[in-house]
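Numbers here are sequence positions counted from 1.
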Amino acid sequence: LLNVFTMAALLVAPSLTNAQINTPQASSAGSVSSVVGLTDVTIDYSRPKMKGRKIFGEGSDFLQPYGQVWRSGANSGSVLSLSTDVEIAGTKVAAGKYLIFTIPGESEWSFMLYSDLSLGGNVAGYDKSKEVLMTSVKPSTLASPVETLTFIISDISEDNTSANIELTWANVSVK
């Protein structure tokens, strides 16, 4: 009887040594979703933290310098999913999944949707021909800083037919 237990322990031990240990990522996963009109809208993203760093500004002292394409999140980029065709900033956007990219600026940001999800967060490989939408938006300054990047589906209209995609981080809000 003892030999059977010893044999069973020897067979189980190797599988325990191959077990993966999951540790928290520096930029946790985030997701926000809402139904706007008849459309399921979801944003899946990774949430970097300020951690005492300067986030948006002019020059190399900033994590995301003005005028440079940003994957609008951490890790592999942020993904917007739309269950039906919609109109965003006057542009028709087909149902599907898109990477969200931005170009931060002091008085104006560019907001882009990108059709090739395989690009992930590789901004160096950005191909303008795969851009589905590009629009300019005005940033606003927040009274209190937001430590962790946050996407919100905000300002849903009274008749539930329109909303804003809002990005907040550091002292900036962009809708």
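Side-chain contact between Lys49 and Ser28 is present, with heavy atoms from C-beta onward closer than 4.5 Å. Under the 4.5 Å side-chain criterion, counting only non-hydrogen atoms from C-beta, Ile153 is not in contact with Phe151. Ile165 is listed as a side-chain neighbour of Ile43, based on a closest heavy-atom distance under 4.5 Å. Residues Val93 and Leu113 have side chains in contact (heavy-atom distance under 4.5 Å, counting atoms from C-beta outward). Between Phe56 and Phe62, every side-chain heavy-atom pair lies at or beyond the 4.5 Å cut-off. Within the 4.5 Å cutoff, side-chain heavy atoms of Tyr98 are placed close to those of Val132.
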Passes side chain to side chain contact (heavy atoms under 4.5 Å, CB included), Ser81 versus Asp40? Steps please. CA-CA 8 Å; Ser81 301; Asp40 293 320; over 6 Å; no
Verdict with reasoning, Ile100 to Tyr45, per side chain to side chain contact (heavy atoms under 4.5 Å, CB included): CA-CA 9 Å; Ile100 298 172; Tyr45 63 109; over 6 Å; no
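The other residues sharing a hydrophobic cluster with Val69 are Val79, Leu99, Phe101, Ile103, Met112, Tyr114, Leu117, Leu119, Val123, Tyr126, Met134, where clustering joins ILVMFWY side chains under 4.5 Å apart.
Defined by atom type and a distance below 3.5 Å, a donor-acceptor pair is missing between the side-chain atoms of Ser78 and Ser72.
Residues Val146 and Met50 fall into different hydrophobic clusters, defined by Ile, Leu, Val, Met, Phe, Trp and Tyr side chains chained together at heavy-atom separations under 4.5 Å. When hydrophobic clusters are built by joining Ile, Leu, Val, Met, Phe, Trp and Tyr residues whose side-chain heavy atoms come closer than 4.5 Å, directly or via intermediates, Trp109 is not grouped with Ile152.
Identified under the side-chain hydrogen bond (donor to acceptor under 3.5 Å, both in side chains) test for residues 163-175, with sequence neighbours left out: Ser154-Glu166, Asp155-Asn164, Asp155-Lys175, Glu166-Ser173.
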